[in-house]
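Each remark here refers to the structure printed beneath this line.
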There are 2 protein chains.
Amino acid sequence: MANTAAAPAPPDAGVPGSMGDVRRSNLALVLGRIAQAPAGSHLTRAQVAGATGLTKASVSSIVLDLLGTGILREMGLNSHGERGRPGVGLELNPARGVIGMEINVDYIAAGVTDLSGAVVLQEIRERDNRESESAPVMAALADLAAEVRKTALERGVEVLGGGLAVPGLVDAGNATVIAAPNLGWLDVELDLDRLLPNLPLGVTLFNEANAAALAELARGPADRRDFLFLSGEVGVGGGLVIRSELFTGPEGHAGEVGHIVVDPQGILCSCGGTGCLETIAGQDAIFAAAGIDAKGQPRSESMSALVAALAEGKPEALRAVEGAGRSLGVAVASTARVVNIQAVVLGGHFAVLERWLRPSLSESLAKYAPGKVFPDHITIAAVEEGGALLGAAGSVVRSLVEAPHRLQP
Amino acid sequence: MANTAAAPAPPDAGVPGSMGDVRRSNLALVLGRIAQAPAGSHLTRAQVAGATGLTKASVSSIVLDLLGTGILREMGLNSHGERGRPGVGLELNPARGVIGMEINVDYIAAGVTDLSGAVVLQEIRERDNRESESAPVMAALADLAAEVRKTALERGVEVLGGGLAVPGLVDAGNATVIAAPNLGWLDVELDLDRLLPNLPLGVTLFNEANAAALAELARGPADRRDFLFLSGEVGVGGGLVIRSELFTGPEGHAGEVGHIVVDPQGILCSCGGTGCLETIAGQDAIFAAAGIDAKGQPRSESMSALVAALAEGKPEALRAVEGAGRSLGVAVASTARVVNIQAVVLGGHFAVLERWLRPSLSESLAKYAPGKVFPDHITIAAVEEGGALLGAAGSVVRSLVEAPHRLQP
DNA sequence: CTTATATAGTTCAATGAATAAACTAAGTCG
DNA sequence: CGACTTAGTTTATTCATTGAACTATATAAG
């Protein structure tokens with residue numbers, strides 16, 4: 001906070017507002033209104049003016065700018081059948097898109113959506129990233145991403161920006177993976193410009209559970225604006241969405257729902273804590289409690305074995321999943337007391353096990369947070385495969401819509 | 001909170017920005033800079049221009065407006081001893097202030113601070129508000145507030161707005177106490193205009209723990225910007241401050257730390273839940289566990305009895321407080337996983353019992369959230385008496401500084 | 001077919017706010 | 001006393017919004 005006035009003008013906090021801010025804010029207002037129109041219905045300038053409160057003159061001027069950047073497109077005439085001159089329909093330019101990417105334990109993936117969220121193409125490549133160095137993984141992903149980007153361009157979609165989801169704690173501002181235990185990455189700074197060069201919007205880094213929560217926000221029911229996404233992987237991740245915004249605490253470390261204390265008398269967790277949710281509801285914990293040998297074999301096989309055991313009604317397996325559900329309930333109850341979520345969305349293995357998880361989870365919620373999170377507000381994720389990828393891509397689109405001035409004409 | 005509806009154009013979301021917004025934002029920028037200058041050092045227009053990045057001309061114009069509303073005052077010349085024309089010092093007008101009020105179980109209170117936070121006067125009136133109707137309590141408070149306001153005016157301080165803290169869940173937007181169990185209030189809408197008429201800024205309603213947390217933010221160490229304030233009263237309240245902002249969840253219900261699950265095998269709570277923090281660390285719970293008969297007698301006496309028992313080393317009392325500390329640790333650990341707080345501030349009876357609470361609380365934090373909340377970041381509240389009152393007042397000042405355009409010249 | 005009317009979109013002068021540069025005011029230094 | 005320095009004001013310019021007038025293009029009526 002040193003303020004030795006020597007530089008031209010070093011404001012130590014806060015930036016003066018100028019008329020450019022008004023323009024930026026109204027650009028976003030207009031674009032946001034057009035973007036949130038139901039697909040197929042193309043708003044006209046006059047309708048946008050009516051909906052936003054701006055004058056027609058302002059909207060015209062703003063739309064001109066947006067057309068100039070290529071983010072919007074005109075759609076011929078909108079003859080509404082009534083009297084008067086027909087308006088010109090406006091829509092997000094389907095020839096522009098973003099790329100979503102994901103690095104996970106046993107695969108890398110990349111896909112392109114256009115600005116309206118429609119998937120242009122998507123490709124998953126199996127790859128064992130367990131305990132792998134980051135460099136070769138990033139090189140392989142760069143290959144895949146370049147290929148996907150090229151194919152998208154051939155199909156007429158130019159990629160403006162990208163999002164990358166990784167299963168770990170990230171510092172998006174510094175493009176750094178702070179810790180991704182299952183990849184064995186610790187404090188790895190990624191060169192996102194080299195991963196995918198010459199993108200007007202660059203590449204943004206996301207936590208996998210957070211990205212999946214964002215996908216749920218974008219592709220799930222429209223009225224669900226406050227929820228906790230529970231991502232069941234080797235660990236238990238959480239994505240907290242509050243008022244349609246991803247919530248990350250002071251330093252972005254939030255959503256560590258996997259390490260909420262659900263059993264003070266519990267066992268030691270890998271995080272150093274005791275009785276964390278993850279020690280009961282994480283994949284390894286469930287496999288162990290269910291008596292399934294998960295060592296050496298792919299997780300998908302262990303999961304199949306678990307589901308089979310549950311279907312057969314094996315008591316050991318039933319008890320393991322029941323316990324996981326109960327602990328999930330405790331964690332959700334405590335979370336609800338701090339941030340007042342109203343719904344829970346199950347992803348990852350929780351989605352797979354939902355049938356067996358639900359009874360004890362519902363019961364537990366009713367017991368520990370009565371009247372807070374209602375059992376019928378427990379749902380499974382709308383996006384199964386590639387949720388993190390789509391969420392990351394969608395979030396990049398959304399941040400563009402909220403700040404369209406970042407795109408130069 | 002007057003909401004003059006029936007505007008010509010009803011924009012369904014988002015409001016167009018205009019040049020007035022720029023002015024408002026820069027008014028706040030300039031005023032904020034002047035307000036956060038250390039007391040006694042009066043910034044000049046030129047210094048403000050340098051610090052904010054605005055031009056001298058803009059600052060001059062903005063300061064003129066602020067002087068017009070009476071929120072700022074000029075302070076003669078600032079002959080800095082160096083060359084050049086001396087600047088004119090600017091400061092928050094000490095002849096303007098706000099009134100803070102508090103309703104609690106056994107008292108009502110009101111006090112006035114000037115805009116810099118200095119206490120002009122403060123008065124506490126004992127009154128048993130247990131299970132009392134809201135009307136007589138509000139009438140008594142109106143009396144007290146009017147008297148305090150008058151005395152303040154006689155001392156040269158005009159009151160611009162007020163804040164009222166109550167021990168319960170509030171909906172500030174609708175001036176409604178949703179539930180204050182210890183007062184026996186349920187869904188009570190308060191007539192804040194009648195409580196204190198003709199205030200330019202009106203009166204704002206606060207939850208008591210939240211207000212106390214705000215007082216801690218304003219009057220505690222300057223570098224403490226993220227913390228959880230734990231208010232030990234009959235119930236356990238929480239105030240969550242994140243990045244120097246009070247954090248309340250989607251519907252303002254946040255900070256219900258008293259009902260985090262700390263013992264899944266625990267007993268039933270008054271909230272309907274099970275194993276809530278309050279069932280172990282609330283005053284009644286501690287008294288009961290310590291073997292102190294709290295029925296009928298004032299709480300302050302029971303508290304004295306408890307402290308005496310602790311000082312004597314009575315095992316029952318020691319065990320009760322130790323258990324409360326352990327449970328506090330569990331709750332703080334879980335909260336830290338969701339919102340990543342870095343410090344804990346103890347208020348109410350937790351502050352009184354700190355000596356006996358600290359060992360088990362520290363131990364518990366180290367066990368359940370290692371590396372997250374460090375034991376030496378546990379402190380007791382800086383403001384003992386009237387914390388909620390001062391916090392509410394300070395918050396009103398702060399919201400004025402952040403939106404000075406609300407004050408007309 | 002022509003005219004009336006309604007709606008969409010553009011053009012243009014006016015307004016408010018910030019900026020940059022010139023200017024006035026009021027001190028210290030040599 | 002004059003040179004220099006810093007504070008604050010005045011003035012012309014720029015930019016984005018607004019409101020009103022205007023142009024463009026459709027349907028409806030005569």
Side-chain angles (χ1 to χ4, degrees), chain A residues 5-6 8-9 11 14-31 34 42-68 72 74-90 404-405, chain B residues 7-9 11 14-30 34 42-68 72 74-90 404-405:
Chain A
V15 186
S18 62
M19 279 156 296
D21 296 327
V22 177
R23 184 58 158 194
R24 279 188 278 282
S25 139
N26 287 337
L27 277 169
L29 182 66
V30 167
L31 181 57
I34 294 169
H42 305 300
L43 293 181
T44 65
R45 288 168 175 81
Q47 290 172 321
V48 172
T52 57
L54 288 162
T55 60
K56 290 189 297 175
S58 299
V59 172
S60 274
S61 156
I62 288 168
V63 164
L64 201 66
D65 275 15
L66 294 173
L67 289 170
L72 276 190
E74 291 190 328
M75 271 300 287
L77 296 194
N78 252 18
S79 197
H80 36 53
E82 289 169 30
R83 283 186 180 193
R85 168 177 169 180
V88 179
L90 299 166
H405 63 271
Chain B
V15 187
S18 63
M19 280 156 297
D21 296 327
V22 176
R23 185 57 159 195
R24 280 189 277 283
S25 139
N26 287 337
L27 276 169
L29 182 66
V30 166
I34 294 169
H42 306 300
L43 292 181
T44 65
R45 289 167 176 80
Q47 289 172 320
V48 172
T52 57
L54 288 162
T55 60
K56 290 188 296 173
S58 299
V59 172
S60 275
S61 157
I62 288 168
V63 164
L64 201 66
D65 275 15
L66 294 172
L67 290 171
L72 276 190
E74 290 190 329
M75 273 299 288
L77 295 195
N78 251 19
S79 198
H80 34 53
E82 289 171 28
R83 288 188 175 190
R85 168 178 169 180
V88 180
L90 298 167
H405 62 273

Report summary line: Rounded to whole Å, the CG-P distance (A:L27 to D:dT17) equals 8 Å

Query raised in the report: Within the structure shown, what part of the strands sits under 4.0 Å from B:V88 by heavy-atom distance: base, sugar-phosphate, or nothing?
Result: sugar-phosphate

Requested in this report: Would you classify A:T44 as touching base, sugar-phosphate or nothing, given that sugar-phosphate means primed atoms plus P, OP1 and OP2, and contacts are heavy atoms under 4.0 Å?
Outcome: sugar-phosphate

Report summary line: Winner on side-chain proximity to A:M19, out of D:dT10, C:dG9, D:dT14, is D:dT14

Report summary line: Atom NE2 of B:H405 and atom P of C:dG16 are separated, to the nearest Å, by 17 Å

Report task. Scan A:A46 against the nucleic acid and name what it touches under 4.0 Å (heavy atoms): base, sugar-phosphate only, or nothing. Result -> sugar-phosphate

Report summary line: The residue, A:G84 or B:G89, whose nearest nucleotide of DNA chain D is more 5′ is B:G89

Requested in this report: Rounded off to whole Å, could you give me the CG-to-P distance for the B:L29 and C:dT19 pair?
Outcome: 10 Å

Report summary line: In whole angstroms, the gap separating P of C:dG9 from CG of A:L54 amounts to 15 Å

Query - Base C:dA8 to side chain A:R85, donor-acceptor N/O within 3.5 Å cut-off - result: yes

Requested in this report: Verify the contact: side-chain N or O of B:S58 to OP1 or OP2 of C:dT19, cut-off strictly under 4.0 Å; return yes or no.
Outcome: yes

Query raised in the report: A:D21 side chain to A:S18 main-chain N or O, any donor-acceptor pair under 3.5 Å?
Result: yes

Query raised in the report: B:V22 has a side chain; which of C:dT15, C:dG9, C:dA18 sits nearest to it?
Result: C:dA18

Query raised in the report: Can you tell me how far C1' of C:dT10 sits from CG of A:L64, to the nearest Å?
Result: 11 Å

**Report entry** Closest approach of B:P16 to A:T52 (non-hydrogen atoms, all atoms of both residues)
**Finding:** CD-O, 3.0 Å

Query raised in the report: Are OP1 or OP2 of C:dA18 and a side-chain N or O of A:S18 less than 4.0 angstrom apart?
Result: no

Query raised in the report: How many Å lie between CG on A:L90 and C1' on C:dG9, as a whole number?
Result: 11 Å

Report summary line: Per nearest nucleotide of DNA chain C, the residue lying toward the 5' end, A:S60 or B:G20, is A:S60

Report summary line: The residue, A:L77 or A:S61, whose nearest nucleotide of DNA chain D is more 5′ is A:S61

**Report entry** Smallest separation among heavy atoms of A:L43 and A:I34, with atom names
**Finding:** CD1-CA, 4.2 Å

Query raised in the report: Does the side chain of A:R23 get closer than 4.0 angstrom to OP1 or OP2 of D:dT17 through an N or O atom?
Result: yes

Report task. Establish, with yes or no, whether the OP1 or OP2 oxygen of D:dA16 is under 4.0 angstrom from a side-chain nitrogen or oxygen of A:N26. Result -> no

Query raised in the report: Counting only side-chain N and O atoms of A:T55, is one of them less than 4.0 Å from OP1 or OP2 of D:dT17?
Result: no

Query raised in the report: Please give, in whole Å, the distance from D:dC15 C1' to A:I62 CD1?
Result: 13 Å

Requested in this report: Using the side-chain contact (heavy atoms from CB on, under 4.5 Å) rule, pick out the option among A:M75, A:E74, A:Q47 that qualifies with A:H42.
Outcome: A:M75

Query - Heavy-atom closest pair, residues B:H405 and B:L27 - result: CB-CD1, 4.2 Å

Query raised in the report: How long is the line joining CG of A:L66 and P of D:dA16, in whole Å?
Result: 13 Å

Query raised in the report: In terms of side-chain heavy atoms of A:R83, which of C:dA18, D:dA29, D:dT5 is nearest?
Result: D:dA29

Report summary line: Heavy-atom closest pair (B:R45 atom, B:V59 atom, distance to 0.1 Å) is O-CG1, 3.6 Å

